[in-house]
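First comes the structure, then the notes that go with it.
Lettering of chains follows the sequences in order, A, B, ..., and the numbering in each one begins at 1. This is a predicted model, so every value here is computed, not measured.
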Amino acid sequence: MKQRVSALLREKFGREVVLEKPRDRSFGHFATPIAFSLAKELKQSPMKIADELASSFEDSNVFGKVDSVKGYLNFRLSEDFLSEYAAWALQNPHEFAKGEKKEKILLEFVSANPTGPLHIGHARGAVYGDTLYRLAKHLGYDITAEYYVNDAGNQIDLLGLSIQLYGRENILKESVEYPQSYYRGEYLAPLALEAVEKFGIEILSDESRQKELAIWAKDGVMEIIKRDLGATNIFFDTFVYESSLYDDWERVMAKMGEGIYKKDDKIFIASSQKGDDSDRVVVREDGRPTYLAGDIVYHNQKFERGYDHYINIWGADHHGYIARVKAAVEFLGYDSSKLEVQLSQMVSLLKDGEPYKMSKRAGNVILMNDIVEEIGADALRFIFASKKSDTALEFDLAEFKKQDSSNPIFYIQYAHARIKTLLLKSDLSEEEIMAATLKNLDEAADILMFDALLLPEIVEDAFATRQVQKLPEYLKSLAASLHKFYYDCRIIGTEDEAKLLKLLMIVGLSLKTGLSLMGIAAKDYMSKEEE
RNA sequence: GCGUCCGUAGCUCAAUGGAUAGAGUUUCGGACUUCGGAUCCGACGGUUAUAGGUUCGAGUCCUAUCGGGCGCACCA
């Protein structure tokens, strides 16, 4: 819709025209301040220019009315245009808001180490990434969701140690001393038990078998992670294991050429030449690669697989890391501007106004799964998609358990359910409803229909700017419009029943499509939960 | 100290450089002869941290200051 208008105006003015929402809906559907920018070039007052422009649109079949107010041009779409578009959307519900983008994108997110269950910080990146993924798919992009599994390095050895310690304390009933860094949490219990079953009880006490234990256990941890993600409706197309990449190490090093040098028996990357603060160690004196080494091979592999664009979603604590990975990409001979890194910031939780208590059993972190169990996957997804991902977020769990308008996810679902209920109550058949024409609507109905038809540009904009919160914002406001309309206007039994139901079907389609892009299924009825 | 993200209503958050800075929540006051009142309406609430600058126009861009988060490993 907006694209159509935008294209028309571009043609007319020979330039990109800024389109925005009018200050007041009674002004029209779209507005543009173009007269202000033209004022300077034409050396005329913006008001005069706007007046002249307004009258030049008189015979358009897209616009019903174009007028100028204080230098702004306001456009009202014609009834024909709107009603035809709405009818098309209802006949092709799966095509609604879809795009025809062709780019091939690799989206990497979560990528949490396989050493324990996901915590609340991971959850934010996971939801953000998955929402972007759904938006991109809908827009037509050929996008791949990828999880990078860091299954090499110290943290994996630590997993082996942690299972041993857990087993020695809880199975062998030894008293053990815990070193500073080790993993703790209930998830270790089944792993320890299974390990004993599989390898024998000796595995718990034999330090030389830590690595063997860890390599086995990481698959079990990955299953836990996948289960938690799946419970939140998040799935990946591909998993790349760090351990599988090192065979390629020599070749990738050679590819880096000048970008790499040896000093004091260590290997450095000359990342300071590419904007990093200093050069970084890639291989230590003892020959063990650093964390960065894995990322270099991994990014080389990504670029060799050949995508048009790469998006990485990292926790904000990794932001200092961007420069060195980009430097590596450059040294490998690729265009680092194709690599985009989105950061997701910290999350802090409240419950009834008090800081949420971390459970000691879980190892003093808030587990994603605990929150899902407490408020449900839909609410979790909604919260995390609702806030700009690059700003810190604080929210109160209690708010998302309420069954009223203070809970946005409930409010939106209720709007959708109301529409479904009306359609059930009506005696009209679907054919009769679809046969109605959406013309001669009153002001309120016209606004509601227009709002519902805005979804396509919201989807496009949310993905283009990577600001997924635009979608939930939109859904909230559309739900509010629906509730208000419902309150003000009687539908069943009126002479406009078919027309109004058709209008509500558009709203329902928009809500349902929007929710599904957030990984949330729209509800057809609401069941009141017993406390 | 350096880098980076941020600072908007009492609280949690919105606002492609555009018209009168918006929602929810809180507090107070209204609407049930009613398609689901699980809803709706109204009021209160702001010098957009501060000071300059650019612009026809700044919450948004630039500079400085103040305040906060996160980084600043041969850890991942």
Side-chain angles (χ1 to χ4, degrees), chain A residues 18-24 27 31-37 39-40 45-46 69-72 74 112-113 115 150 152-156 158 181 242 264 266-268 277-278 280-286 288-295 315-323 343 345-346 348 350 353 383 386-388 390-396 399 402-408 410-411 413-415 417-426 457 461 464-465 467 469-470 472-473 476-477 480 482-494 497 500-501 504 525-529:
Chain A
V18 178
L19 273 184
E20 61 196 30
K21 235 167 95 174
R23 178 76 202 107
D24 188 320
F27 289 171
T32 176
I34 188 164
F36 290 98
S37 18
K40 212 168 193 178
S45 85
V69 180
K70 289 198 278 187
Y72 287 84
N74 295 314
N113 295 338
T115 53
N150 286 113
N154 288 342
Q155 80 281 4
I156 279 293
L158 215 49
S181 56
E242 182 183 4
D264 304 334
K266 292 175 255 190
I267 298 175
F268 287 79
D277 296 336
S278 64
R280 310 286 172 178
V281 174
V282 177
V283 181
R284 288 171 270 230
E285 283 174 284
D286 60 7
R288 281 159 49 234
T290 63
Y291 181 73
L292 180 59
D295 260 331
D317 52 342
H318 282 66
H319 84 84
Y321 207 74
I322 299 173
L343 299 177
Q345 285 281 355
M346 304 288 117
S348 47
L350 298 176
I383 301 161
S386 294
K387 318 291 175 183
K388 271 194 282 195
D390 62 350
T391 57
L393 159 68
E394 181 177 81
F395 73 92
D396 195 322
E399 266 182 55
K402 291 187 191 155
Q403 303 274 306
D404 61 39
S405 61
S406 68
N407 177 354
F410 174 85
Y411 186 74
Q413 292 282 23
Y414 183 38
R418 274 189 146 168
I419 293 169
K420 289 292 168 185
T421 306
L422 284 182
L423 289 168
L424 274 180
K425 282 223 161 118
S426 170
E457 47 245 52
D461 187 39
T465 60
Q467 312 227 325
Q469 82 277 2
K470 292 181 179 197
E473 280 292 323
K476 264 192 282 186
S477 83
L482 183 276
H483 283 307
K484 179 166 171 51
F485 186 79
Y486 179 94
Y487 182 84
D488 289 341
C489 177
R490 175 99 197 165
I491 292 157
I492 303 283
T494 63
E497 183 172 331
L500 293 174
L501 284 174
L504 293 192
Y525 62 93
M526 306 300 287
S527 53
K528 195 160 189 170
E529 273 179 32

Can you measure [X] atom [atom1] to [N] atom [atom2] for me and round it to whole angstrom units?
X      : N      : atom1 : atom2 : result
A:F395 : B:rG24 : CZ    : C1'   : 16 Å
A:K387 : B:rU12 : NZ    : C1'   : 6 Å
A:Y487 : B:rU34 : OH    : C1'   : 9 Å
A:Q469 : B:rA15 : CD    : P     : 5 Å
A:L482 : B:rC35 : CG    : P     : 16 Å
A:Q467 : B:rA15 : CD    : C1'   : 11 Å
A:K476 : B:rC13 : NZ    : C1'   : 7 Å
A:K70  : B:rU20 : NZ    : P     : 5 Å

Are the aromatic ring centres of A:F27 and A:Y72 under 6.0 angstrom apart?
no

Should A:Y72 be counted as stacked on B:rA19, where stacking needs a ring-centre gap under 5.5 Å and an angle between planes under 30 degrees?
yes

What is the ring orientation for A:Y414 with A:F410, classed by angle as parallel under 30°, tilted 30 to 60°, or perpendicular over 60°?
parallel

Of the non-hydrogen atoms in A:V18 and A:T32, which two are nearest, and what is the gap between them?
O-OG1, 2.8 Å

Looking only at heavy atoms, which two atoms of A:N150 and A:Q155 are closest? And how far apart?
O-NE2, 2.8 Å

5′-ward residue of the pair A:F485/A:Q155 relative to RNA chain B:
A:F485

Closest-nucleotide mapping onto RNA chain B: is A:Y291 or A:A392 further toward the 5' terminus? I mean the 5' end.
A:A392

State whether A:R418 places a side-chain N or O below 4.0 Å from either non-bridging phosphate oxygen (OP1 or OP2) of B:rC40.
no

Output yes when at least one side-chain N/O atom of A:S405 is less than 4.0 Å from OP1 or OP2 of B:rU39, else no.
yes

Please evaluate the base of B:rA19 for a donor-acceptor partner in the side chain of A:N74 within a cut-off of under 3.5 Å?
yes

Does A:H318 get its side chain close enough to the base of B:rG71, under 3.5 Å, for a donor-acceptor pair?
no

Nearest-neighbour nucleotide for the [X] side chain, [options] considered:
X      : options                : value
A:K388 : B:rG3, B:rA19, B:rA14  : B:rA14
A:H483 : B:rA15, B:rA19, B:rU39 : B:rU39
A:N154 : B:rU20, B:rU34, B:rA76 : B:rA76
A:F36  : B:rA76, B:rC56, B:rC13 : B:rC56
A:T391 : B:rC40, B:rA76, B:rC6  : B:rC6
A:I491 : B:rC35, B:rG18, B:rA76 : B:rC35
A:E394 : B:rA19, B:rC13, B:rA15 : B:rC13
A:F410 : B:rA76, B:rU39, B:rU34 : B:rU39
A:D317 : B:rG71, B:rA14, B:rA76 : B:rG71
A:Y411 : B:rC41, B:rA76, B:rU39 : B:rU39

Checking base pairs now: Watson-Crick or wobble, both atom distances under 3.5 Å. What partners [N]?
N      : result
B:rG45 : none
B:rA64 : B:rU50
B:rG17 : none
B:rG1  : B:rC72
B:rA23 : B:rU12
B:rG57 : none

Hey, is A:D404 close enough to A:K402 for a salt bridge, meaning N to O under 4.0 Å?
no

When you compare B:rG45 with B:rA9, how far apart are their C1' atoms, in angstrom units rounded to a whole number?
5 Å

Is it the case that the side chain of A:S386 and the backbone of A:Q469 share a donor-acceptor pair, with hydrogens and angles ignored and the cut-off at 3.5 Å?
no

Rounded to the nearest 0.5 angstrom, the CD1-OG1 distance for A:I267 and A:T290 is 10.0 Å

